[in-house]
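Encoded as structure tokens, the structure appears first; notes follow it.
A note on names: the letters A, B, ... follow the listed sequences, proteins ahead of strands, and every chain is numbered from 1.
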Amino acid sequence: MTSRPTLPPDFEKWLADHPDVTPDDLAPPWRLTEGADPLCAAPAPDPARIQAIQATLAKTAANGTGNAAPRPALRLVKRPRRVQWMAAAAVVVVLVLAGIFFRQQPLTISAPAGEIAMIDLPDGSLVELQGGSTLTYARRFDARTRRARLDGEAFFEVTKAGTPFVIETFNATVTVLGTSFNVRAWPDTPEAETVVFVETGLVEVTTKQATGDAIRLAAGEAARVAAVDDASSPQAAAAPDAAYLWRDDLFFFFDQPLGVMFDEIEQHFDIEIIASESIRSQTLTIKTDVTTAEALIAELCKTPKTMTLRYRLTANGFEIFEE
Amino acid sequence: MKTLTNEQFSSWSRRLRRSDRQAYTQVFEATYDTLYRYAWYFVHDEDAAYDVLQDVFLKLWQVRERVDPARSLKALLYQMVRNTALNHMRHAKRHAADALDDVQVEPASLPREEEDFDMQTLETHLQRWIDELPQRRREAFMLSRYQGLSHIEIAGIMDLAPKTVNNHIVLALQHLRSRLLAHQPDLLPS
């Protein structure tokens, strides 16, 4: 089984974003667990059974082309859904909710300023609570009743449980089935609004009074509920400038430097893109359906703004240069 | 799958798209052990694990022309095993099928607590502490630590946001660190 004795580069960005945690905290448990692979506890496969399977596979591959009618339900190349949130750094302060909303004594968890609190909810959902924020939920929180109140900002990864997961903010209600999304709702700030940003899945947002229409958000979409006009429906918000989507083969960047796009393509396809700083600093808005790295880069070189760019394949990826 | 490089998987991926049967056989030979164990990790039943392994490879041949060469074949195999195993478990349940996440993945047998600490015992303790992790966290940690998969690949395999994968793995390490602090603090830098 593959094993890496040092922290892989995946952690670098996370550590940069969370200065309260140092590599020294994480490296020793990483290193010490070298021999503790849970898969080693699994039984070794029996050679006779494996041979039987190989025989079956050989027979299948031998029978003509073995091309069954395509099954549309099979999504082999499903891409990770991902949205980058480059909005301004999280702001400030929060209220503690009075326990009126819940029949029992609610649980209240607050994240200290400048830190992030991770919360495992009883239904298996995971909440990343930003500094200065508070999450409150009933002790009886379970798969049948999933309600919580948020003041501040948090990123939610909600497990699918058949019942909606409901988040109340000071002026809006967010309803989800199983998804990952970000909610910003700082009541006591000048901007005083709730902003919901969906990374995966489907989310429904209404005003707290539930007057006006609900708005449904899919991956990469956002909605804004302003404090002032309670009677109106939530407004569909433009995705933050730096949003991009990997969703059903859709690649979308809004007015971003090429360098950012190259970084993202490099990471997503595990390749290397060589390009000068002046090329990387050019900005572009692009939306395209592509399935491969090469097709994507070809698209990037085809826009009116980038017409003079050309690309060529390298051993590890691509090089982009001015014609 | 320890000695297998990305280049090797890329090569197999391209060859599979061209219906290269030798590549198909080679992929199976090189990966069946790990993938069988990964299937067993979910289903905890040897017969079921063989079924999953076979189903995955039958499906792989069926869709070979549609395998995306730009995407990791290695990650795809894990994803297919995972999905097939979870489907298997869902259909095997007698009562009404619940959401996928309700399916419990039992950890391997838990070793007894011991007083004396040496490296072998430390490993036993670490295994137990890893088993203490919530199900998804344990899986994310395992895929990262022992299967050499990137966080993005794991996000694709487990159908989570990459950010969540990061969080899970860091939380796993923090859990292990706090256990180490309580039992064997001199193993950690002061």
In terms of side-chain heavy atoms, does A/Gln54 have a donor or acceptor partner in A/Arg49 at a distance below 3.5 Å?
no
Which of the residues A/Pro28, A/Ala44, A/Pro45 is involved in the greatest number of heavy-atom pairs with chain B at under 4.5 angstrom?
A/Pro45
Can you tell whether the side chains of B/Arg37 and B/Asp33 come within less than 4.0 Å, N to carboxylate O?
yes
Does B/Glu139 come within less than 4.0 Å of B/Arg82, counting only side-chain N to carboxylate O?
yes
Can you tell me which portion of B/Arg21 sits under 4.5 Å from chain A's heavy atoms? Options are side chain, backbone, both or neither.
side chain
Side chain, backbone, both or neither: which part of B/Phe57 has an atom under 4.5 Å from a heavy atom of chain A?
both
Comparing B/Lys163, B/His168, B/Gln174 against chain A, the one with the most heavy-atom pairs below 4.5 Å turns out to be B/Lys163
By a 4.5 Å heavy-atom criterion (distance strictly below it), what part of B/Leu53 contacts chain A: side chain, backbone, both, or neither?
side chain
Of the listed residues (B/Glu7, B/Glu29, B/Met142, B/Glu46), which shares the most heavy-atom pairs with chain A below a 4.5 Å separation?
B/Met142
Side chain to side chain contact (heavy atoms under 4.5 Å, CB included), paired with B/Lys74, selected from B/Leu4, B/Thr5, B/Leu149
B/Leu149
So which residue, A/Ile50, A/Thr56, A/Leu126, ends up with the most heavy-atom pairs under 4.5 Å with chain B?
A/Ile50
Is there a donor-acceptor contact under 3.5 Å from the side chain of A/Asp10 to the main chain of B/His151?
yes
Taking side chain as everything from C-beta outward and backbone as N, CA, C, O, which of these in B/Leu171 sits under 4.5 Å from a heavy atom of chain A? Side chain, backbone, both or neither.
side chain
Aromatic ring pairing A/Tyr311/A/Phe318, orientation class (parallel under 30°, perpendicular over 60°, tilted between)
perpendicular
NZ/NE/NH1/NH2 to OD/OE distance under 4.0 Å, A/Asp37 and B/Arg145
no
Cut-off 4.5 Å, heavy atoms of chain A, and the answer for B/Tyr50 is both
What part of B/Asp51 gets closer than 4.5 Å to chain A, counting heavy atoms only: side chain, backbone, both or neither?
neither
Greatest number of non-hydrogen atom pairs under 4.5 angstrom with chain A, of B/Ile157, B/Val165, B/Asp47, falls to B/Asp47
Taking every non-hydrogen pair under 4.5 Å, which of A/Asp24, A/Asp25, A/Val21 racks up the most with chain B?
A/Asp25
Measure centre to centre between the rings of A/Trp14 and A/Phe11, then say whether the value is under 6.0 Å.
no
Under 4.5 Å heavy-atom distance to chain A, tell me which part of B/Arg137 shows up: side chain, backbone, both or neither.
side chain
Should the pair A/Arg184-A/Glu153 be classified as a salt bridge under the 4.0 Å nitrogen-to-oxygen rule?
yes
So for A/Asp120, is it side chain, backbone, both, or neither that comes closer than 4.5 Å to the heavy atoms of chain B?
side chain
For B/Val170, is it the side chain, the backbone, both or neither that has a heavy atom under 4.5 Å from a heavy atom of chain A?
both
For B/Tyr38, is it the side chain, the backbone, both or neither that has a heavy atom under 4.5 Å from a heavy atom of chain A?
both
Check whether B/Thr84 reaches the backbone of B/Val81 with its side chain - one donor and one acceptor, N or O, closer than 3.5 Å.
no
